[in-house]
Amino acid sequence: MPVRNAPLRPLIKALSLSSASPTLLTSPPTTSYAFRRLFSNTARRNADFTHAVIGGGVVGLAIAQSLARKHPSSSTLLLERHDAIGTETSSRNSEVIHAGIYYGADSLKTSLCLRGKELLYSLCAKHDIPHRRTGKWIVAQNDLQLAALEQIHNFCQNELHVPIEWVSLETARKREPAVRAEKAILESPTTGIIDSHALMLTLLGLFEEAGGTLALSSDVKGITPLGNKGSSGWELVVSDPSGETSAITTETLINAAGLGAVEINNLIVPEDQHKKLYYAKGNYFSYPAPQPKVNTLIYPAPEPGHGGLGTHLTMDLAGRIKFGPDVEWVDGPGDLGVNQARLGETIREVKRYLPGLDEGQLVPDYAGIRPKLGRASAVAHGKGFVDFYIEREKGWEGWVNLLGIESPGLTSCLAIGERVEKLLYGR
């Protein structure tokens, strides 16, 4: 994915040569802010940047463009450790625009997914980002799964007020004759699919148009809070691929590093406050066969305690069908090869709702890693549900921390950008 990149070392050199740089160093007049700052003013005259966002995935891009566009007199730096944006979880997922129906009403996953879905469809329409409202069926094969669907239906009707409807089995046989549902089907009409790469390029364009600076191949190796826990800003030590390091300063720090977010967190907090990340690998298998043909996303009913939403049928915008992700716990984020030993289990799960599947046509496609804060359920009604963590850290100045941003992170990205901006500036 080609992007424009501002090399970090020449940028730092330029910063050190001129304290009067109108683009990067001049403090914006107080009257230019429409919002109340919720971080210290102490560092404003000396910091290289107003905002430093770590992580160039879809969430980091959404945050960076939100800050740069809403505060045009400020300066925003986006740091990405790889040589292109969005190469980790953001480009290795199902590319589904989720409806926000699986999580508790008071969870961040629900509120941000609902708001994010609205913003995302609007952005797609405005900027011609390829997408489609495919709708989604959730299918039940037994009484336990039927109970799960009834719970989702009641939740959507009575608490979320999100469109949801039952599909009769007779209607289902006419619309999707290849799909099996022994007990019931719920349809989510607002679910869709999106070209995640086109979305990220759009967000990058909006960020750069607003004057933001992207630094690729810039791996954060050290973070030092200046003054009293960031009251005078933050110093970041950044390494390039050759191992050469540079130091920059910023008024505020936003940790949106995804798979690397816990590592960034642990660079800052004392050792007794360190967190651990769990890596849930999801394997995907593509299905190039012309039959059976399905035009709707198909999900099995959620099961309590499961680390994901089940191996589901999704498709890309060209109509190519794929199955996944499953849940395979791995030791680190680098294990991105499709585990072909999982094929048998994938076939068994898929055949529950697509009995006509031609097993010999399934081929390994890609794998992605979901950053989790625990080996927990993916749905709010399951045991051990873990919500997004998006907070302005108490006891620190100007640090917003995002941890465990997995699904529905892509759908929620624009709403997450709004939340981070409000945490820094209030309303």
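Quick note: residue numbers are just sequence positions, from 1.
Inter-residue side-chain proximity for V262 and K276 is flagged as unmet; no heavy-atom pair is nearer than 4.5 Å. For the pair L120 and I129, the minimum side-chain heavy-atom distance is 4.5 Å or more. Within the 4.5 Å cutoff, the side chain of L297 has no heavy atoms near those of the H312 side chain. Residues W166 and E150 form a side-chain contact, since some pair of their non-hydrogen atoms from C-beta on lies under 4.5 Å apart. E349 has its side chain out of reach of F323: every pair of non-hydrogen atoms, C-beta onward, lies at least 4.5 Å apart. Side chains of F155 and L160 form a contact here, defined as non-hydrogen atoms less than 4.5 Å apart. Taking the side chain as every heavy atom from C-beta outward, I54 and L253 approach each other to under 4.5 Å. Contact of the L259 side chain with the T89 side chain is registered, since non-hydrogen atoms from C-beta on lie closer than 4.5 Å.
Atom-to-atom distance recorded for R352:CZ and I347:CD1 is 13.0 Å, nearest 0.5 angstrom. Rounded to the nearest 0.5 angstrom, W137 CH2 and L186 CG are separated by 11.5 Å. Here F285 contributes atom CZ and L357 contributes atom CG; the two are 11.5 Å apart, rounded to the nearest 0.5 Å. Taken to the nearest 0.5 Å, the CD atom of E418 stands 6.5 Å off from the OG atom of S66. Atom CG of L206 and atom NE2 of H127 lie 4.5 Å apart (nearest 0.5 Å). One distance of note links OG1 of T346 with CG of N283; it measures 7.0 Å at 0.5 Å rounding.
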What's the verdict on side-chain contact (heavy atoms from CB on, under 4.5 Å) for T190 and S188, showing C-alpha distance, side-chain angles and the deciding distance?
CA-CA 6 Å; T190 62; S188 166; 4.1 Å; yes
Y366 and Y284: CA distance, side-chain angles, deciding distance, ring-ring contact (aromatic ring centres under 6.0 Å, His included) verdict:
CA-CA 5 Å; Y366 62 94; Y284 290 84; 4.4 Å; yes
Verify side-chain contact (heavy atoms from CB on, under 4.5 Å) between V420 and I390, making sure each step is shown before the conclusion.
CA-CA 8 Å; V420 169; I390 306 173; 4.2 Å; yes
Test log, rule side-chain contact (heavy atoms from CB on, under 4.5 Å), inputs L79 and I248
CA-CA 11 Å; L79 293 160; I248 61 168; 4.3 Å; yes
After noting the C-alpha distance and the side-chain angles of D48 and T250, does the key distance pass the side-chain contact (heavy atoms from CB on, under 4.5 Å) rule?
CA-CA 6 Å; D48 299 331; T250 178; over 6 Å; no
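What you find for L236 and A52 is that their closest heavy atoms are CD2-CB, 4.4 Å. Considering every non-hydrogen atom in both G60 and L78, the closest pair reads O-CD1, 4.0 Å. The shortest heavy-atom contact between V53 and L67 is CG2-CD1, 4.3 Å. Listed here is the closest heavy atom pair of V363 and P288: CG2-CD, 4.4 Å. Closest approach of C413 to L199, counting heavy atoms only: SG-CD2, 4.4 Å. Of all heavy-atom pairs between T110 and G100, the closest is CG2-O, 4.1 Å.
Only one option out of I298, V167, I101, I185 pairs with I138 in a side chain to side chain contact (heavy atoms under 4.5 Å, CB included); it is I101. E406 pairs in a salt bridge (charged side-chain N to carboxylate O under 4.0 Å, His left out) with only one of the listed residues (K281, K109, R370), which is K109.
A salt bridge links R115 to E118: one of the charged nitrogens lies within less than 4.0 Å of a carboxylate oxygen. Contact check on K229 versus E393 returns no salt bridge, with no Lys/Arg side-chain nitrogen under 4.0 Å from an Asp/Glu carboxylate oxygen. Here R419 pairs with E391 in a salt bridge; the nearest charged N to carboxylate O distance falls below 4.0 Å. Contact check on D326 versus R342 returns a salt bridge, with a Lys/Arg side-chain nitrogen under 4.0 Å from an Asp/Glu carboxylate oxygen.
Side chains of S196 and E95: a donor on one and an acceptor on the other come within 3.5 Å. Counting only N and O atoms by type, the side chains of K221 and T245 include no donor and acceptor under 3.5 Å apart. In summary, the side chains of N401 and N265 do present a donor paired with an acceptor at a separation below 3.5 Å, with no hydrogens or angles considered.
Heavy atoms from other residues, nucleotides or ligands lying under 6.0 Å from CG of N158 number more than 12. When the shell of 6.0 Å around CD of E235 is examined, it contains more than 12 heavy atoms from other residues, nucleotides or ligands.
Of the possible donor and acceptor atoms, one in the side chain of W234 sits under 3.5 Å from a partner among the backbone N and O of E397. At least one donor-acceptor pair under 3.5 Å links the side chain of R132 to the backbone N or O of L317. A donor-acceptor pair under 3.5 Å is formed between the side chain of T50 and the backbone N or O of S75.
Geometrically, K136 engages Y299 in a cation-pi contact defined by less than 6.0 Å to the ring centre and at most 45° from the axis.
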